[in-house]
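I have a structure here, written as structure tokens, and I will follow up with some questions on it.
Chain letters run A, B, ... following the sequence lines, proteins first and then strands; every chain starts at 1.
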Amino acid sequence: MFARGLKRKCADGDEDMEGALASLQRQSLLDMSLVKLQLCHMLVEPNLCRSVLIANTVRQIQEEMTQDGTWRVMAPQTAGQAPRDRLVSTEILCRAAWEQDGELPAPGSADGDAPDLVSHLCGAPSAPAPRSTQGCVWDVDGPGEDRGSLQKSLDQIFETLESKTPSSVEGLFGDMDSPYYDLDAVLTGMVGSKSARRPLPSSLFRGQGGFLQAGRPPGPA
Amino acid sequence: MVLQPNERRYRDWSHRRLGPWCSPTGSPAPLSCETGCGEGSWILVCRLLVPTQVSLLSMEEDIDTRKINNSFLRDHSYATEADIISTVEFNHTGELLATGDKGGRVVIFQREQESKNQVHRRGEYNVYSTFQSHEPEFDYLKSLEIEEKINKIRWLPQQNAAYFLLSTNDKTVKLWKVSERDKRPEGYNLKDEEGRLRDPATITTLRVPVLRPMDLMVEATPRRVFANAHTYHINSISVNSDYETYMSADDLRINLWNFEITNQSFNIVDIKPANMEELTEVITAAEFHPHHCNTFVYSSSKGTIRLCDMRASALCDRHTKFFEEPEDPSNRSFFSEIISSISDVKFSHSGRYIMTRDYLTVKVWDLNMENRPIETYQVHDYLRSKLCSLYENDCIFDKFECVWNGSDSVIMTGSYNNFFRMFDRNTKRDVTLEASRENSKPRAILKPRKVCVGGKRRKDEISVDSLDFSKKILHTAWHPSENIIAVAATNNLYIFQDKVN
């Protein structure tokens with residue numbers, strides 16, 4: 001399914017399709033993971049183990065995308081054909097996007113909460129263009145900001161506590177940590193400079209799931 | 001034993017069926033521990049419901065209990081989320097079985113005593129004591145509630161007439177004393193029978209108070225509260241073989257406690273990075289060696305186990321042994337790390353082996369060999385192709401536990417659809433059984449289940465797509481010396497017994 005070693009031979013029509021599909025799948029996994037992280041993050045009491053595992057998955061995808069070297073161009077046509085194999089949640093997030101011209105996952109989909117999350121995810125600094133309005137963000141020839149926007153959103157997730165400009169997207173573990181700060185400092189005697197942040201209210205997340213009830217699950221059999 | 005009025009509704013419907021306790025040939029049954037899982041057949045002994053005020057019982061229950069619950073009576077039975085069992089543990093003799101639930105309650109069941117008249121009733125467990133161990137707390141620092149869910153219960157070995165157990169939620173460990181009282185003093189001079197003070201002027205004679213029998217009362221009292229030592233969520237507690245200390249482990253730290261001292265604990269493992277942004281691994285489970293009080297292991301979210309010796313240094317950040325299996329490159333995927341995360345680690349009774357549970361397998365490791373496990377058992381490999389869906393609905397993060405039988409010859413763990421699996425290490429046979437109301441008549445033999453992976457589905461098989469992933473068996477326990485197992489399915493506790501017992 002998400003076999004990392006899916007080989008792509010030299011530029012061949014079919015192989016490109018396969019490669020593009022793999023990239024799409026990888027992208028959808030990345031989107032799903034980022035949403036999970038964000039949801040996790042909005043929980044007042046995040047499950048640390050879960051967050052770490054999801055964050056590691058995101059890092060792994062990011063590394064592989066970086067290793068590939070090329071932010072592959074994903075033509076809208078190709079993208080349009082893939083959705084039938086896509087997972088439900090990312091389809092919800094991405095359906096609107098795929099129908100548009102070359103833009104990557106944008107909010108405004110069925111899930112009412114998602115738009116807030118995704119735009120929140122991308123953060124204030126680059127708010128106007130979450131991915132890119134200039135065609136595909138994966139455009140190799142595109143300006144550096146486009147290519148780096150994914151990196152930027154990831155960095156915002158992993159923003160360090162020492163950041164002088166706390167954005168609306170707070171560092172993942174930093175925020176989880178700072179409410180514990182006082183207790184932790186007392187316990188361990190370690191003191192660091194951490195800005196006190198209040199976590200967001202948690203009413204949203206009530207547990208995902210229900211996809212695999214008795215009966216046929218959605219997605220590929 | 002007299003049950004308290006509100007405990008009557010816990011009794012189950014298990015029918016009394018007579019039968020000699022021997023194998024079909026009529027010869028004496030083999031010792032239960034030696035049977036393994038292949039030869040014996042498993043029967044349902046009883047199904048116990050963890051109750052709340054609003055938990056309802058089906059039409060099969062005792063009439064008494066229906067009357068008690070009359071005010072809430074509906075046509076269906078359901079349980080509140082507080083009833084969900086979150087931990088199950090036999091004590092060291094197997095006489096008692098403790099369960100903890102999401103509502104912070106502990107319910108202790110006691111084994112029915114053997115009697116000549118009703119020999120077939122032995123093996124049933126009835127309620128012994130119920131108490132509220134943990135209450136929801138409010139952490140004002142974070143403006144959040146600390147869940148009262150009982151994460152783990154561990155018994156202390158019995159040293160006198162009372163029973164002691166440790167129960168923990170996310171933040172606080174408590175030591176509970178459970179004791180029986182069946183006598184009460186009567187004939188005080190200064191108080192009357194109801195406890196009111198007597199008018200001294202009316203006292204004309206002296207008498208010596210005597211102990212008279214009374215209805216058995218089981219009371220639970222909190223003896224120690226070990227609080228404020230964990231920043232992160234406690235996932236494990238383990239009593240040391242010295243019976244003087246125990247450890248509690250959270251996501252990033254492990255603390256060592258002395259039972260007598262509640263205001264201090266000793267930090268023995270700390271994997272918290274200086275910069276939390278560098279955090280990539282957490283502690284998932286920890287346990288003391290059953291015989292060596294200086295040795296313990298802890299598992300991580302990256303699928304590694306570290307064995308530490310407390311004699312080596314005060315802070316055991318540097319492990320003595322490091323157990324990790326090299327990754328199988330052909331199975332590599334983005335989910336490899338998640339499914340390698342170890343959800344439970346257990347020493348064998350002998351202390352020679354450790355067993356770990358990750359998402360798809362159970363592994364047995366020899367303490368003397370660090371580079372790979374000696375045995376690997378596939379619990380539900382048919383899920384390997386479904387990992388993406390399971391990631392999507394969060395099932396991939398489910399934490400299954402695993403247990404050894406008394407002789408370390410059989411291991412057991414849970415799965416989905418209320419299935420649980422047993423693996424016989426000697427015969428290499430395995431069996432899948434189901435804990436469900438629909439399929440289990442009391443004393444009926446459990447039928448082995450099979451999941452159909454592909455192709456033609458046989459009559460009794462169930463296909464992977466039909467599995468109910470909301471019905472998961474996370475918590476199971478095995479009697480220390482007999483083939484009696486306790487399986488927790490949501491709010492139900494199933495007790496099964498080997499037929500040849």
Side-chain angles (χ1 to χ4, degrees), chain A residues 1-5 25-26 29 32-33 36 44-45 47-50 52-57 59-61 64 87-90 158-162 171-174 176-177 179-184 187-188 190 192 198-199 202 207-221, chain B residues 139 141-147 170 228-233 235 250-253 267 270 272 274-284 301-302 329-330 332-338 341 384-397 399 416-417 465-471:
Chain A
M1 265 189 77
F2 282 82
R4 192 181 174 182
Q25 289 175 330
R26 190 172 56 189
L29 181 63
M32 190 178 9
S33 304
K36 278 187 190 294
V44 194
E45 268 244 85
N47 183 332
L48 193 62
C49 182
R50 198 182 118 93
V52 166
L53 289 174
I54 300 174
N56 288 351
T57 307
R59 269 197 208 99
Q60 198 184 335
I61 299 174
E64 190 177 288
L87 306 155
V88 175
S89 64
T90 47
F158 298 130
E159 193 175 64
T160 64
L161 299 166
E162 284 73 35
L172 175 67
F173 301 120
M176 225 179 290
D177 194 43
Y180 291 119
Y181 163 63
D182 288 341
L183 176 64
D184 205 41
L187 290 177
T188 62
M190 296 194 311
R198 214 171 299 123
S202 75
Q208 303 163 352
F211 283 113
L212 291 184
Q213 303 291 345
R216 189 163 292 280
Chain B
D139 181 341
L141 202 66
K142 265 191 101 181
S143 293
L144 60 92
E145 261 199 19
I146 297 172
E147 251 193 50
D170 283 339
N228 301 324
H230 284 282
T231 309
Y232 304 97
H233 293 177
N235 52 52
D250 67 28
D251 293 319
L252 297 178
R253 298 195 180 99
N267 178 239
D270 187 342
K272 183 180 172 197
N275 180 4
M276 276 293 273
E277 299 305 326
E278 291 162 8
L279 179 67
T280 56
E281 193 173 10
V282 299
I283 298 170
T284 52
S301 58
K302 286 201 169 170
S330 64
R332 182 108 182 86
S333 76
F334 286 117
F335 303 108
S336 293
E337 185 181 316
I338 299 181
S341 173
R384 199 177 286 273
S385 57
K386 310 273 179 198
L387 290 179
C388 197
S389 308
L390 294 166
Y391 179 68
E392 191 178 352
N393 69 358
D394 282 344
C395 281
I396 208 173
F397 300 107
K399 293 194 185 314
Y416 294 104
N417 209 74
D465 296 327
S466 310
L467 295 174
D468 188 345
F469 287 85
S470 67
K471 294 191 175 149

Notebook entry, point to check: Looking at CZ of A:R50 and CD1 of B:I338, how far apart are the two atoms once the value is rounded to the nearest 0.5 Å?
Noted result: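 Rounded to the nearest 0.5 Å, the CZ-CD1 separation comes to 9.5 Å.
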Check: Can you find a heavy atom in the side chain of A:L48 that is under 4.5 Å from one in the side chain of B:L279?
Finding: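 Yes; the side chains approach each other to less than 4.5 Å.
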Check: Non-hydrogen atoms of chain A under 4.5 Å away: do they reach the side chain of B:L252, the backbone, both or neither?
Finding: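 Side chain of B:L252 only, per the 4.5 Å heavy-atom cut-off to chain A.
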Margin query: Is the shortest side-chain heavy-atom distance between B:F397 and A:N47 below 4.5 Å?
Written below: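 A side-chain contact under 4.5 Å is absent here.
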Note to self: Can you give me the closest heavy-atom contact between A:L53 and B:S301, atom names plus distance?
What the structure shows: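 So the two residues come closest at CD2-O, 3.7 Å.
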Next item on the list: First locate atom CD1 of B:I396, then atom CD1 of A:I54, and finally report the distance between them rounded to the nearest 0.5 Å.
Entry: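 Rounded to the nearest 0.5 Å, the CD1-CD1 separation comes to 10.0 Å.
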Checklist line | Part of B:S341 lying under 4.5 Å from any heavy atom of chain A | finding: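 The answer is the side chain of B:S341.
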Margin query: Testing the basics here: between A:K36 and B:E392, what is the closest heavy-atom pair and its distance to 0.1 Å?
Written below: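 Heavy-atom minimum between the residues: NZ-O, 3.0 Å.
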Item checked: Heavy-atom side-chain contact between A:C49 and B:K399 under 4.5 Å ->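 A:C49 vs B:K399: side chains touch.
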Margin query: Are A:T57 and B:E337 packed together at the side-chain level, in the sense that at least one heavy-atom pair is separated by less than 4.5 angstrom?
Written below: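 They are not in side-chain contact.
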Checklist line | Contacting region of B:S330 [heavy-atom separation from chain A under 4.5 Å] | finding: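 Contact with chain A is absent: no heavy atom of B:S330 under 4.5 Å.
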Check: If every non-hydrogen atom of B:T280 is compared with every non-hydrogen atom of A:V52, which pair is closest and at what distance?
Finding: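 Between these two residues, the closest heavy atoms are O-CG1, 3.2 Å.
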Next item on the list: Determine whether A:M32 and B:C388 make a side-chain contact, defined as any pair of heavy atoms from C-beta on separated by less than 4.5 Å.
Entry: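 In contact.
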